[in-house]
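Below: the structure, in structure tokens.
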Amino acid sequence: KEVGMTECNREFKGGDWVVLESENSLAQILKTNGKWSIIKWLDDNTESNVRLDFLRHATDEEIAAGHRIDCKKFDKRVK
């Protein structure tokens, strides 16, 4: 069975593109300490401290679009 986008890898490092699961904005991780991260929002260039468990990796489509896209759209499971 292929893993869907809703089961994303939760290991993060500086430079990763992420989305906050409750927001529409794309951000890049500047640094992380294993539980928290400092991210830079693409839309307004501000920085925020965010818990890693509130983030998921952005898909290639989201990075190209510059914002979060509904994850279900890319959830392709193999029977």
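Heads up: numbering here begins at 1 and tracks the sequence.
- Among all heavy-atom pairs drawn from Phe54 and Val50, the shortest one is CB-CG1, 4.2 Å.
- With contacts defined as side-chain heavy-atom distances shorter than 4.5 Å, the pair Trp41/Leu20 qualifies.
- Here CD1 of Ile63 is found 9.0 Å from CD of Gln28. Values are rounded to the nearest 0.5 Å.
- Pairs of residues two or more places apart, or lying in two chains, that qualify as salt bridge (Lys or Arg N to Asp or Glu O under 4.0 Å) and include a residue from residues 22-51 are Arg51-Asp53.
- Taking each heavy atom of Ile39 and Ala27 in turn, the nearest pair found is CD1-CB, 3.9 Å.
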Next item on the list: Report the C-alpha separation of Glu61 and Arg68 in whole Å, then their side-chain angles, then the decisive distance to 0.1 Å, and conclude whether the salt bridge (Lys or Arg N to Asp or Glu O under 4.0 Å) test is met.
Entry: CA-CA 9 Å; Glu61 292 86 357; Arg68 185 176 67 92; over 6 Å; no
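- Hydrophobic clustering of Ile, Leu, Val, Met, Phe, Trp and Tyr side chains at less than 4.5 Å, counting indirect connections, unites Trp17 with Val19.
- For the residue pair Leu55 and Phe12, the shortest heavy atom distance occurs at O-CZ, 3.7 Å.
- For His57 (side chain) and Glu11 (main-chain N/O), a donor-acceptor pair under 3.5 Å exists by modelled atom type.
- Taking every heavy atom of both residues into account, Leu52 and Ser37 meet most closely at CD2-CB, 3.5 Å.
- When all heavy atoms of Glu62 and Leu26 are compared, the pair lying nearest together is O-CD2, 4.0 Å.
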